[in-house]
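It should be emphasised that the depicted structure is a prediction, and the values quoted were computed from it without experimental measurement. Along the sequence shown, the residues carry numbers beginning at 1. All values below come from the heavy atoms of this structure, side chains included, with hydrogens, waters and symmetry mates left out.
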Amino acid sequence: MAAARGARARERGAGFGRAAAEPGPAVPQGLLRAARKSGQLNLSGRSLSEVPQRVWRINLDTPEEAHQNLSFGAADRWWEQIDLTKLILASNKLQSLSEDVKLLPALTILDVHDNQLTSLPSALGQLQHLEKLDVSHNKLRSVPEELLQLPRLKSFLLHHNELSSLPEGFGQLISLEELDLSNNHLTDIPTSFASFVNLVRLNLASNQLKNLPAAVSAMKSLRQLDCTKNYLETVPSELATMASLEQLYLRKNKLRSLPAFPSCKLLKELHAGENQIEILSAENLKHLNSLSVLELRDNKIKSVPEEITLLQKLERLDLTNNDISRLPYTLGNLPQLKFLALEGNPLRAIRRDLLQKGTQEFLKYLRSKIQDDITGPNEEPPVTAMTLPSESRINMHAITSLKLLEYSEKQAMAIPDEMFTAVRSHPVTTVNFSKNQLKEIPPRIVELKDSVCDVNLGFNKISSVSSELCLLHKLTHLDVRNNLLTSLPEEMEALTRLQVINLSFNRFKVFPTVLYQLLALETVLLSNNQVGSIDPLQLRKMEKLGTLDLQNNDLLHVPPELGNCENLRTLLLEGNPFRTPRAAVLARGTAAVLEYLRSRIPA
């Protein structure tokens, strides 16, 4: 310390030098005084357009208080100050960082996230003690080569920038344990990543990667790998040899298959939804003894192998929106399974009401069918009310017994008139016209207005909601997901009994205003659209609304007043480009998010 003080004295020169007056918002002297004692300085959210010079020189210049009072108590011995080790400059308006950052050689943590930086100073490479560098949510287009000389850097956060490439020598940062490069424009990964033998978490989500280098398998300590939302068509087979891997995210790519995972004995979570996977084979599953979460929703999987029962630790299985027609009954024997999602599959021999009873009841049903499966494993499952026999287009049993009118998965451009004619004297409560090629809602649906409660028109090509649908005054459930909708008509306010509406995977750019008028709504599913804003004051009037899914939209801002919607039990906001609340807050659940938002409401 004596040598450090001597160096600081030489920097200052003789006498008590005063720093020149500086433009921009002032940094309170009290903060600087406290920082000299603690070694930590937090200047986040102060609208700084540049960092005052006295911050860089905090350990060099004589403090202001020394000029005002030369009689010091033990607590004010400024010459015994602690070198600054932690500097937070987040959420300001900084467009650049001065090379003077080198005047803080003891820094271990530097946080400049959420600014307007377009470049980084090469002097950062001189901070030999730096362990964490957060430059996320800026406008960086490159990483200076000098930064690759930081020997102790463990956490490097670069997400939400404009990087299109990385220096080939990036792997020189051999102490790295956490690297976040998500939400950039990267098209490839340097092979030098193979040197990251200490890396535990690697996030490459939301880039433009078409492949992963086999070198990624050399990261022997890697536990979490996130490649969500890229253009991956294959996964290198070497990935499957990573023995430490615990979480693997491959969602929203172009994968047609999964590799076998012979060495991933510790893999707990595998997320591969929203790809083009057609086959789930025994080889994909049989080695994953530790798997607790398997998410494969929105693929083209046609069958589930019996080997799924080897996943004895499986707790969550999401197979929503695939092409699965039959399940192995032994699935019911998985001892830890708490959540099973099968909606949107053409399941045969399984009634819809069974799926709606919840996971445990459904698993009990599967177990009850195991004996039947043993006695006749090669027999086709019987045609039930949920399937139209190939020799007949009209299933009168379904209409009369289950009050169900179904014409789904026919790739039909229109619903045959005889379907509506058949129900004239047999009122139906449920209509399922999903998974066709319908461009409009069948006009004759209005004939069912006095009885129908549940309408499923999902997975079609419908671009507008017709006035006929708005006359179904008993409607409680409406499913129009995966269509081409951009708006909803005001006439829908007549649907005063509507409780659940599924508008996911459409083309809405704004929250449909008519929904604010439907006060019976309990569930609004609006994920995977392009919604840019919501009105929290209107939402608060919807007192029965318990579930609001706005995942994967274009929300740049979450209004704090949304926190007043305390009736919400489930609020899903992941996958939007807003900066606050942070992912860590979202991960704590709806109650924590609402509480956080309330805390941000201006007094």
Donor-acceptor check, side chain of Ser292 to backbone of Lys268, threshold 3.5 angstrom: yes or no?
yes
Looking only at non-hydrogen atoms, find the nearest pair between Leu562 and Pro536 and report the distance.
N-CB, 3.5 Å
Might you point out which heavy atoms bring Arg579 and Asn115 nearest each other, and give the distance in Å?
NH1-O, 4.5 Å
Side chain to side chain, His287 and Lys265, heavy atoms closer than 4.5 Å
yes
Do Asn529 and Phe505 have side-chain heavy atoms sitting under 4.5 Å apart?
no
Shortest non-hydrogen pair, Val593 vs Pro581, comes out as CG1-CG, 4.4 Å
Taking Asn92 for its side chain and Asp114 for its backbone only, find out whether a donor-acceptor pair lies under 3.5 Å.
no
Any chance you could lay out the side chain to side chain contact (heavy atoms under 4.5 Å, CB included) test for Leu225 and Leu245, step after step, and finish with the verdict?
CA-CA 8 Å; Leu225 174 60; Leu245 203 59; 4.1 Å; yes
Taking atom types as modelled, find out whether Asn275 and Asn253 have a side-chain donor-acceptor pair closer than 3.5 angstrom.
no
Reported CG-to-CG distance for the pair Leu140 and Leu117, which is rounded to 0.5 angstrom:
6.0 Å
Look only at the side chain of Asn576 and the backbone of Leu556, and say whether a donor-acceptor pair between them is shorter than 3.5 Å.
no
Are Cys227 and Leu212 close enough, and set up right, to give a side chain to side chain contact (heavy atoms under 4.5 Å, CB included), and what steps lead you there?
CA-CA 9 Å; Cys227 298; Leu212 290 176; 3.7 Å; yes
Could you tell me whether the side chain of Asn289 reaches within less than 4.5 Å of the side chain of Leu291, counting heavy atoms only?
no
Can you confirm whether the side chains of His271 and Arg297 place a donor and an acceptor under 3.5 Å from each other?
no
Sidechain N-carboxylate O distance under 4.0 Å for Lys286, Glu283
yes
Do you know which of Ile279, Asn322, Asn321 makes side-chain contact (heavy atoms from CB on, under 4.5 Å) with Ile301?
Asn322
Here's a test for you: under side chain to side chain donor-acceptor pair (under 3.5 Å), which of Arg141, His185, Lys139 qualifies with Glu162?
Arg141
Find the distance between CD (Glu315) and CG (Leu294) and round it off to the nearest 0.5 Å.
12.5 Å
Check this for me: Arg582, atom CZ, are more than 12 non-hydrogen atoms of other residues, nucleotides or ligands nearer than 6.0 Å?
yes
Between Val531 and Val510, is any pair of side-chain heavy atoms under 4.5 Å apart?
no
Quick one: does Asp226's side chain have a donor or acceptor within less than 3.5 Å of a partner on Ala205's backbone?
no
Please verify the inter-ring angle class for Phe170 with Phe156; under 30° counts as parallel, over 60° as perpendicular, anything in between as tilted.
parallel
Taking it one step at a time, do Lys154 and Glu178 satisfy salt bridge (Lys or Arg N to Asp or Glu O under 4.0 Å)?
CA-CA 6 Å; Lys154 293 180 180 179; Glu178 177 183 31; over 6 Å; no
Show the nearest heavy-atom pair for residues Asn161 and Asn138, with the distance to one decimal.
OD1-C, 2.9 Å
Taking atom CD1 of Ile601 as the centre, report whether more than 12 heavy atoms of other residues, nucleotides or ligands fall under 6.0 Å from it.
yes
Verdict with supporting geometry, Leu94 and Val51, side chain to side chain contact (heavy atoms under 4.5 Å, CB included)
CA-CA 8 Å; Leu94 303 176; Val51 180; 4.0 Å; yes
Nearest heavy-atom contact between Pro144 and Pro121 is CG-O, 4.5 Å
Rounded to the nearest 0.5 angstrom, the CG-SG distance for Leu597 and Cys565 is 9.5 Å
Please confirm whether the backbone N or O of Leu296 pairs with a side-chain atom of Asp318, one donor and one acceptor, at under 3.5 Å?
no
Check for a donor-acceptor pair, side chain of Ser91 on one end and backbone N or O of Gly45 on the other, with a separation under 3.5 Å.
no
How many angstroms lie between atom NE2 of His137 and atom CG of Leu157, to the nearest 0.5 angstrom?
10.0 Å
Kindly indicate whether the side chain of Val216, heavy atoms from C-beta on, has any atom under 4.5 Å from the side chain of Ile189.
no
Begin with the C-alpha distance, continue with both residues' side-chain angles, and end with the deciding distance and a verdict on side chain to side chain contact (heavy atoms under 4.5 Å, CB included) for Val143 and Leu158.
CA-CA 9 Å; Val143 177; Leu158 284 151; 4.3 Å; yes
N/O donor-acceptor pair under 3.5 Å between Arg598 side chain and Gly563 backbone
yes
Hey, is CD on Glu595 packed in by over 12 heavy atoms from elsewhere, all under 6.0 Å?
no
What's the spacing between Asp111 CG and Leu87 CG if we round to 0.5 Å?
8.5 Å
Under the side-chain hydrogen bond (donor to acceptor under 3.5 Å, both in side chains) rule, what do Ser527 and Gln551 come out as? Steps first, then yes or no, please.
CA-CA 5 Å; Ser527 68; Gln551 295 177 99; 5.4 Å; no
Do other residues, nucleotides or ligands put more than 12 heavy atoms under 6.0 Å from the OH atom of Tyr231?
no
Using a strict threshold of under 4.0 Å (side-chain N to carboxylate O), is an ion pair present between Lys254 and Glu233?
no
Give a yes or no on whether the backbone of Glu168 and the side-chain of Ser192 come within a donor-acceptor separation of less than 3.5 Å.
yes
Heavy atoms of Cys264 and Met242 approach each other most closely as SG-O, 3.6 Å
Return yes if some donor-acceptor pair links the side-chain N/O of Asn42 with the main-chain N/O of Ser44 below 3.5 Å, else return no.
yes
For the pair Gln53 and Asp100, evaluate side-chain hydrogen bond (donor to acceptor under 3.5 Å, both in side chains) and give the outcome as yes or no after the intermediate values.
CA-CA 8 Å; Gln53 191 65 22; Asp100 286 340; 2.8 Å; yes
Side chains of Leu148 and Leu150 in contact at under 4.5 Å (non-hydrogen atoms)
no
Within the distance-only criterion (no hydrogens, no angle test), does the side chain of Asn284 pair as donor or acceptor with the backbone N or O of Leu258 below 3.5 angstrom?
yes
Let me confirm one number: the CG-CD1 distance from Leu32 to Ile58, rounded to the nearest 0.5 Å.
5.0 Å
Residue among Leu555, Asp535, Leu526 satisfying side-chain contact (heavy atoms from CB on, under 4.5 Å) with Phe511:
Leu526
Are any non-hydrogen side-chain atoms of Phe261 and Thr241 less than 4.5 angstrom apart?
no
Side-chain heavy atoms of Val293 within contact of Leu270, under 4.5 Å:
no
With no hydrogens and no angle check, just 3.5 Å: does a side-chain donor-acceptor pair link Gln208 and Ser164?
no
Checking side-chain polar atoms at under 3.5 Å, does Asn207 have a donor or acceptor matched by the opposite partner on Lys229?
no
